[in-house]
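Below is one structure, written out as structure tokens; comments come after it.
Starting from 1, each residue takes its place in the sequence as its number. Just so you know, ligand 1 is whichever comes first in the structure, and atom 1 is the first atom listed for that ligand.
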Amino acid sequence: MSADPAQLYLLSQLLVAGMAAVTMPVLLFIAAPYGRHAGPGWGPQVNARLSWIVMEAPAPLLFLATYAAGPNAWRPVPLLLCGLWVVHYTYRAFLYPLRLRNRGKKNALLAVVLAFLFNCANSFANAWAISFEATHLDRSWLFDPRLWFGTVLFVVGHAVNRRSDDILIHLRKPGETGYRIPQGGLFRWVSCPNYLGEIIEWAGFALAAWTRPALLFFLFTCANLLPRALANHRWYLEKFPDYPKERKALIPYVL
Ligand code: NDP
């Protein structure tokens with residue numbers, strides 16, 4: 001018995017929507033057990049660098065495999081959207097983990113498995129939407145401001161995300177594993193500009209693609225990263241008595 005792709009498409013969207021609905025309330029009370037919030041009591045632990053590659057790899061690979069099989073794969077608008085996705089996820093799955101200064105660090109296997117499942121469902125749904133489903137992503141979409149405003153938003157978010165990742169990575173010298181107060185860039189205003197950039201990116205993608213899976217992914221990203229930003233911000237305030245008091249968690253001057 002072979003799986004019906006249309007059913008898989010629906011199921012994967014339901015999974016992403018379900019995970020978004022559960023993630024926000026759960027993470028407001030319990031910080032996801034990876035990075036600074038990792039610790040005992042979450043079952044088996046796995047190598048942090050390897051876990052990033054394993055959990056993120058389906059996002060570019062499954063996306064590309066699904067996208068390439070679609071009838072719209074060589075059309076200009078789907079190609080542009082595919083390019084945005086692949087640029088982000090080639091960085092996140094294969095370049096970012098190799099740059100991390102996290103020797104000896106571990107993440108909970110549970111968090112890795114959940115992220116892996118999420119990435120499978122999310123990348124399949126988004127690739128299928130763009131390459132098989134969406135009838136609006138034809139040449140006329142090239143003249144729709146949503147495409148270009150969304151693309152600019154995505155590029156700005158990506159730049160903010162990568163610059164902030166860079167600042168965080170370089171807080172440690174090679175071999176170090178401790179924490180410092182980040183300075184510079186958007187850290188002047190918020191504790192987690194890397195998450196702010198990520199949220200802006202997927203808002204831009206949702207606008208440019210104008211598909212349900214892209215909207216669900218944006219909502220999931222907010223549900224995931226807003227509570228994480230609040231938890232990180234509280235953690236900084238508890239750990240560093242001299243932490244800048246005017247700095248917010250995620251949105252300058254607001255939150
Ligand atoms: P963090 O900010 O927690 O950590 C990023 C890296 O920097 C880690 O190696 C961390 O070390 C290190 N680091 C962080 N703060 C400090 C500090 N103060 N001093 C020294 N080193 C520090 O980010 P995440 O790991 O949560 O996320 C990484 C990227 O993935 C982000 O760009 C984020 O936007 C993206 N992401 C996207 C999600 C989505 O839903 N779309 C979900 C989760 C992440 P250590 O690991 O040892 O703490």
Quiz: residues 204-218 side-chain donor-acceptor pairs under 3.5 angstrom, not counting sequence neighbours:
residue: Thr211; atom: OG1; partner: Ala214; partner atom: N; Å: 3.3
residue: Arg212; atom: NE; partner: Gln13; partner atom: OE1; Å: 2.8
residue: Arg212; atom: NH2; partner: Gln13; partner atom: OE1; Å: 3.4

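Hydrophobic cluster membership of Tyr179, counting Ile, Leu, Val, Met, Phe, Trp and Tyr whose side-chain heavy atoms lie under 4.5 Å apart directly or via other members: Ile167, Leu168, Leu171, Ile181, Phe187, Trp235, Tyr236, Leu237, Phe240, Tyr243.
Between the side chain of Asn119 and the backbone N or O of Ala115, at least one donor-acceptor pair lies under 3.5 Å.
Taking the six-membered ring where the residue is Trp, Tyr89 and Trp85 present tilted rings, their angle falling between 30° and 60°.
Sorted by first and then second residue, the side-chain hydrogen bond (donor to acceptor under 3.5 Å, both in side chains) pairs with a member in residues 123-135 read Asn122-Asn126; sequence neighbours excluded.
Protein neighbours of ligand 1 below 4.0 Å, counting non-hydrogen atoms: Tyr34, Gly35, Arg36, Trp52, Arg92, Tyr96, Leu100, Lys105, Asn161, Asp165, Leu168, Leu171, Arg172, Gly178, Tyr179, Arg180, Asn194, Tyr195, Glu198, Phe220, Thr221, Asn224, Leu225, Tyr236.
Judged by the 6.0 Å and 45° rule, Arg162 forms a cation-pi pair with Tyr91.
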